Engineer: 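First, the structure itself, so that you have it in front of you.
Because only heavy atoms are used, hydrogens play no part in the values below, and waters and symmetry mates are left out as well, while side chains stay in. Throughout, a chain's letter reflects where its sequence line sits, starting with A, and its residues are numbered from 1. Quantities reported herein were computed from a predicted structural model and do not represent experimental measurements.
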Amino acid sequence: MSKIVVVTSGKGGVGKTTTSAAFAAGLAKRGFRTVVVDFDVGLRNLDLIMGCERRVVYDFVNVINGDANLNQALIKDKRLDNLCILPASQTRDKDALTQEGVEKVLDELRESFDYVVCDSPAGIERGAMLAAYYCDEAVVVTNPEVSSVRDSDRMLGLLASKTRRAERGEEPIREHLLLTRYSPQRVDKGEMLSVDDVREILAIELLGVIPESQAVLQASNAGVPVVLEESTDAGQAYDDAVARFLGEEREHRFLVEKRGFLGRLFGG
Amino acid sequence: MSFLRYFRSQKRNSASVAKERLQIIVARERAQRDGPDYLPAMREEILEVIRKYIPVDQDAVHMEVESEGDCEVLELNVTLPERGSDRAANRS
Ligand SMILES: Nc1ncnc2c1ncn2[C@@H]1O[C@H](COP(=O)(O)OP(=O)(O)OP(=O)(O)O)[C@@H](O)[C@H]1O
Ligand SMILES: [Mg+2]
């Protein structure tokens, strides 16, 4: 049975697109037929993070308007056979995505994919709500910082009331917390909210903690989903998160800073 | 815990301030969104009535609907100005 997963946050710039790319690649790597859909109309970026920006011909809005069919718009990933990308439109018309159009495209994607990963735009306006409306599961990307946590909580409220499942009184969406850009060193110094703090406040299941990592910028420079950079900390953390998402038990890594004896004694 | 952190932790760190502030605002926003739609307007009116008698702050009235078993309870908290503060100050 296919599943629609929205990657959302409320606040902008917290790592939704990075996470969408990593998650989609991680699912595809495990053999699931996966498509990742860019809902950020006017600010297409997922194509760059996935490294397929030069192969975009048609986009999401073209498919909705009937200018192209889905097969023409889907871009096949060069690294993973069963991974596709549906790019966002660069139109400045924010109303280009219609509710019926989105439903039609998602229904069609469900037929050929196991997972449909939706990269939400920032905010809690129409675009973000369209990305979330049809979802079965939600990955709420949060940074350990006051405004991000508050916005995530607001988004959780909307997921519980303004999605199709909520409106129809169906089984609620499964919500997962993904804490990203985490710096154990700063948590240790008392400068940053800890994973336990955020967990206590948001009170949803913790899917994973992605450390603040140079590997993310490097992977985005190269157009490679960071989860495929298997030797990096962020890559491994995303891989763990995908495994947990699929029901595997994995211990949380990267929650403490690695340092030597003197560092432990004098570091603060 | 490290040797230096032991002394440093005497001072409250910024993360714990952040956590406390978040807990308060998130609880308030949850109560608002889970509560009935008329709550904000009712809160404003109650605030106006109270202000006829006591000069309280804009955020002095806190309302929340809680379910306890079968019944719903409307909880109303009003924070009065500190004793000794100039009560006439806000009166117009
Ligand atoms: N774990 C991390 N470590 C370091 N940098 C990160 C990490 N995660 C994301 N970033 C950086 O943060 C920036 C924003 O990431 P990204 O584009 O994924 O966020 P977004 O939530 O999709 O943003 P928007 O709301 O604009 O769509 C990028 O520069 C990215 O490289
Ligand atoms: Mg994005």
Engineer: Quick check for you: to the nearest 0.5 Å, what is the distance between A:E191 atom CD and A:S183 atom OG?
Structural biologist: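 So the gap between those two atoms works out to 8.0 Å.
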Engineer: Is the centre of the A:F23 ring less than 6.0 Å from the centre of the A:Y115 ring?
Structural biologist: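 For A:F23 and A:Y115, the ring centres are not under 6.0 Å apart.
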Engineer: I'd like to know which of A:G157, A:S161, A:P144 tops the heavy-atom pair count under 4.5 Å against chain B.
Structural biologist: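 Top count of heavy-atom pairs under 4.5 Å with chain B: A:G157.
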Engineer: Do any N or O atoms from the side chain of A:R244 and from the backbone of A:R250 form a donor-acceptor pair under 3.5 angstrom?
Structural biologist: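 Yes: the side chain of A:R244 pairs with the backbone of A:R250.
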Engineer: Which atoms of A:R186 are under 4.5 Å from chain B, going by heavy atoms: the side chain, the backbone, both sets, or neither?
Structural biologist: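 Contact with chain B is absent: no heavy atom of A:R186 under 4.5 Å.
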Engineer: With a 3.5 Å distance limit and no angle check, can you tell me whether A:D240 reaches the backbone of A:A237 through a side-chain donor-acceptor pair?
Structural biologist: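 Not a single qualifying donor-acceptor pair exists.
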Engineer: Side chains of A:S9 and A:D151 only: does a donor on one sit below 3.5 Å from an acceptor on the other?
Structural biologist: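 No pair is found: no donor N or O on one side chain lies under 3.5 Å from an acceptor on the other.
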Engineer: Please output the residues of residues 12-21 of chain A in contact with chain B, using a heavy-atom cutoff of under 4.5 Å, in numerical order.
Structural biologist: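 The residues closer than 4.5 Å to chain B amount to none at all.
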Engineer: Please check this pair: side chain of A:D38 against backbone of A:L46, looking for a donor-acceptor N/O pair closer than 3.5 Å.
Structural biologist: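 Indeed, once roles are kept as given, a pair shorter than 3.5 Å links the two residues.
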Engineer: Enumerate, atom names and distances included, each donor-acceptor pair closer than 3.5 Å involving a side-chain atom of residues 131-142 of chain A, sequence neighbours excluded.
Structural biologist:
from: A:Y133; atom 1: OH; to: A:E167; atom 2: OE1; distance (Å): 2.6
from: A:Y134; atom 1: OH; to: A:Q99; atom 2: O; distance (Å): 3.3
from: A:Y134; atom 1: OH; to: A:E103; atom 2: OE1; distance (Å): 3.4
from: A:D136; atom 1: OD1; to: A:R165; atom 2: NE; distance (Å): 3.2
from: A:D136; atom 1: OD1; to: A:R165; atom 2: NH2; distance (Å): 2.8
from: A:D136; atom 1: OD2; to: A:I4; atom 2: N; distance (Å): 2.8
from: A:D136; atom 1: OD2; to: A:R110; atom 2: NH2; distance (Å): 3.4
from: A:E137; atom 1: OE1; to: A:H176; atom 2: NE2; distance (Å): 2.7
from: A:E137; atom 1: OE2; to: A:R174; atom 2: NH1; distance (Å): 3.3
from: A:T142; atom 1: OG1; to: A:S152; atom 2: OG; distance (Å): 2.8

